[in-house]
Amino acid sequence: MADFSQKSTISITCPKLMTPYLRKEVEDLGFKVDHERLAGLEITGSLNDCMKLNLCLSTAHRVHFLLKKFEAHNADQLHEKLVSIPWEEYIDRSGYVSVTSFIKNKTIDNTQFAQLKVKDAIVDRIRQETGARPDSGSDLNHTVVFLFWKNEEAMVYLDTSGESISRRGYRVQNHTAPMQETLAATIVQASKWEPGQHFVNPMCGSGTIAIEAALKALNKPTGLLRPNYGIKHILGFDVGEWNSLRTDLKYQGNKDFEGRILATDHDRRAIQAAQKNAKTAGVDHLIEFKVCDFRETEIPYGDGVVVMNPPYGERIGHDQQLESLYTAIGDFFKQDCSGKWGYVFTGNFDLAKKVGLRTNQRIELYNSTIECRLLEYELY
């Protein structure tokens with residue numbers, strides 16, 4: 001069985017340009033960052049540490065635990081090195097394994113071929129050592145192995161997350177173009193909002209931003225919402241340790257918080273979806289939902305932020321139709337939101353100019369492959 005206390009390199013991935021927010025989360029958990037990348041970072045830690053990272057990180061996508069780093073010029077060399085790894089210590093011979101990869105090697109035209117070589121090496125080794133072999137396929141809900149192979153350098157990891165951490169499990173109903181949970185958590189982090197202040201989210205859509213704010217206000221780790229992770233299928237996984245960690249994290253959370261969270265949308269179906277998602281996340285009683293035009297959203301007295309994610313023409317509507325909307329957002333900020341910090345998340349920089357206010361910050365983020373900005377306004 002795997003030694004869950006043995007340390008190695010842990011590579012934590014995130015969407016492009018989100019690394020500063022991921023770094024803060026990782027350091028707040030007490031880890032030292034060894035290396036930072038455009039879309040992730042590396043620390044030193046154990047598989048036991050991977051448990052906490054999976055449960056607590058809201059801006060990460062995956063937590064990869066390094067098994068071996070080696071040189072491989074072609075698929076045959078790759079297979080040879082992989083067979084030398086004691087896979088029988090990590091993967092149950094009657095279990096299930098899937099392989100994912102990032103491959104940039106001149107000898108490989110088809111990444112599926114390389115992934116097949118990895119799978120074959122794993123299965124060959126386990127069958128050789130135990131007389132039986134695990135099943136394999138594309139299902140990420142069991143043991144997952146990740147191959148990073150660039151030029152001649154190869155690194156093989158256990159993917160302790162399996163499905164992306166962004167899939168919290170609370171989004172049971174979507175509305176138009178839902179925002180990924182990881183991005184919503186990053187927007188909450190990047191804003192000047194502090195738990196205890198008001199958080200107002202007009203145009204809330206499926207409610208993801210408001211839900212992530214409520215989870216942060218409760219100090220409730222987002223990973224607690226999800227029952228399954230890749231790490232649970234690694235041989236040596238300690239169920240008692242996992243349950244104890246979950247209990248401790250639950251105990252550290254708050255039952256309530258100061259300040260109000262308000263989420264509005266003019267589309268009744270969006271609000272219905274947001275309410276269902278909030279209920280699944282266990283925060284529906286903490287978010288005040290209302291069907292109304294964004295200009296009719298209540299702005300409570302006191303410190304807080306107003307965060308808006310309007311359509312920006314990539315997937316919904318057309319630029320000409322949206323110009324007046326962005327102008328109206330600027331008017332709403334000026335007339336109704338004084339004393340707050342205002343935020344507009346958009347991927348259309350021409351439309352952003354229509355807000356008509358001077359930005360305090362223009363924070364670069366990506367929504368999938370779309371380059372976006374989180375525009376920050378100090379509303380006097």
Side-chain angles (χ1 to χ4, degrees), residues 7 9-66 157 159-170 179-197 199 208-226 229-231 242 245-246 248-254 257 281 283 305 307 343 345 361 363-367 372 374 376:
K7 297 204 170 184
T9 297
I10 298 174
S11 172
I12 308 169
T13 67
C14 67
K16 203 154 63 167
L17 299 181
M18 289 189 194
T19 313
Y21 308 100
L22 173 61
R23 182 180 189 124
K24 183 180 186 305
E25 281 196 300
V26 168
E27 291 178 339
D28 285 348
L29 290 173
F31 296 98
K32 176 181 172 291
V33 174
D34 299 327
H35 177 67
E36 189 174 313
R37 307 186 302 266
L38 184 66
L41 51 80
E42 291 174 4
I43 64 172
T44 301
S46 65
L47 282 168
N48 280 328
D49 291 326
C50 291
M51 291 188 191
K52 191 171 188 178
L53 293 164
N54 275 296
L55 290 172
C56 294
L57 295 177
S58 65
T59 59
H61 269 183
R62 287 188 166 84
V63 179
H64 291 143
F65 183 82
L66 181 66
Y157 300 86
D159 182 344
T160 67
S161 305
E163 291 279 2
S164 171
I165 293 173
S166 66
R167 297 188 178 180
R168 319 272 200 242
Y170 66 70
M179 176 178 285
Q180 192 175 64
E181 293 91 324
T182 312
L183 176 57
T186 302
I187 288 171
V188 172
Q189 261 204 49
S191 76
K192 285 189 166 61
W193 178 70
E194 294 291 338
Q197 299 177 347
F199 191 96
T208 313
I209 294 175
I211 291 169
E212 292 292 327
L215 291 169
K216 183 178 179 183
L218 290 175
N219 194 30
K220 181 177 181 178
T222 54
L224 292 175
L225 299 168
R226 197 172 105 182
Y229 290 88
I231 197 167
W242 176 261
L245 176 59
R246 284 177 58 90
D248 290 346
L249 292 172
K250 284 179 183 176
Y251 183 74
Q252 291 168 18
N254 309 317
F257 51 82
V283 296
V305 301
V307 180
Y343 294 88
F345 181 76
Q361 279 193 93
I363 300 166
E364 293 182 62
L365 293 169
Y366 272 78
N367 184 1
C372 297
L374 179 64
E376 179 183 85

Exercise. Would you call Leu183 and Met18 a side-chain contact if the rule is heavy atoms closer than 4.5 Å?
Worked result: yes

For this session: May I have all residue pairs that pass side-chain hydrogen bond (donor to acceptor under 3.5 Å, both in side chains) and include part of residues 186-197, sequence neighbours excluded?
Result: Lys192-Glu376

Problem set entry | Among Arg168, Glu212, Glu25, side chain to side chain donor-acceptor pair (under 3.5 Å) partner for Ser58 | Glu25

Problem set entry | Residue pair Ile209 / Val188, side-chain heavy-atom distance below 4.5 Å | yes

Problem set entry | For the student: nearest non-hydrogen atoms of Thr222 and Leu57, plus distance | OG1-O, 3.7 Å

Exercise. Short question: side chain of Asn254, backbone of Ala217 - any donor-acceptor pair under 3.5 Å?
Worked result: yes

For this session: Please check if atom NZ in Lys52 has more than 12 non-hydrogen atoms from other residues, nucleotides or ligands closer than 6.0 Å.
Result: no

Exercise. How far does CD1 of Ile12 sit from CD1 of Ile165, to the nearest 0.5 angstrom?
Worked result: 8.0 Å

For this session: Mind listing the closest non-hydrogen atom pair of Ile211 and Ala281 along with its distance?
Result: CG2-CB, 3.8 Å

Problem set entry | Side chains of Pro221 and Arg246 in contact at under 4.5 Å (non-hydrogen atoms) | no

Seminar exercise, completed: dist Leu41:CG -> Ser11:OG (nearest 0.5 Å) comes out at 7.5 Å

For this session: Determine the minimum heavy-atom distance between Asn367 and Cys372, stating which atoms define it.
Result: CB-SG, 3.7 Å

Exercise. What's the spacing between Asp28 CG and Lys24 NZ if we round to 0.5 Å?
Worked result: 4.0 Å

For this session: Take Ile10 and Phe31 through the side-chain contact (heavy atoms from CB on, under 4.5 Å) test and state the conclusion after the steps.
Result: CA-CA 11 Å; Ile10 298 174; Phe31 296 98; 5.9 Å; no

For this session: Verify, without hydrogens or angle tests, whether Asp49 (side chain) and Ser46 (backbone) share a donor-acceptor contact under 3.5 angstrom.
Result: yes

Seminar exercise, completed: Heavy atoms of Val283 and Ala214 approach each other most closely as CB-CB, 3.9 Å

Problem set entry | Residues which pass ring pair (Phe, Tyr, Trp, His ring centres under 6.0 Å) with Tyr229, listed by chain and number, not counting sequence neighbours | Trp242

Seminar exercise, completed: CG of Leu66 to OG1 of Thr44, rounded to nearest 0.5 Å, is 10.0 Å

Exercise. When rounded to the nearest 0.5 angstrom, what is the spacing between CG in Leu245 and CG in Asn48?
Worked result: 9.5 Å

Problem set entry | Side chain proximity check, Tyr170 to Leu215, heavy atoms < 4.5 angstrom | yes

Problem set entry | From His64, Arg62, Arg167, residue fulfilling side-chain contact (heavy atoms from CB on, under 4.5 Å) relative to Ser161 | Arg62

Seminar exercise, completed: Residues Ala184 and Thr208: closest non-hydrogen pair is CB-CG2, 3.7 Å

For this session: Can you sort out the partners of Ser166 under side chain to side chain donor-acceptor pair (under 3.5 Å), two or more places apart, ordered by chain and number?
Result: Ser164

Exercise. Has Arg226 got more than 12 heavy atoms of other residues, nucleotides or ligands less than 6.0 Å from its CZ?
Worked result: yes

Exercise. So do Cys14 and Thr59 actually touch side chain to side chain, heavy atoms under 4.5 Å?
Worked result: no

Exercise. Going through the distances and angles, do Tyr21 and Ile363 end up as a side-chain contact (heavy atoms from CB on, under 4.5 Å)?
Worked result: CA-CA 12 Å; Tyr21 308 100; Ile363 300 166; 3.2 Å; yes

For this session: Using a 4.5 Å cut-off on heavy atoms from C-beta on, say whether the side chain of Leu17 contacts that of Leu38.
Result: yes

Exercise. Arg37 versus Thr13: any side-chain heavy-atom pair under 4.5 Å?
Worked result: yes

Exercise. Distance from Lys220 atom NZ to Lys250 atom NZ, nearest 0.5 Å?
Worked result: 8.5 Å

Problem set entry | Student check: side-chain heavy atoms of Ile187 and Met179 closer than 4.5 Å | yes

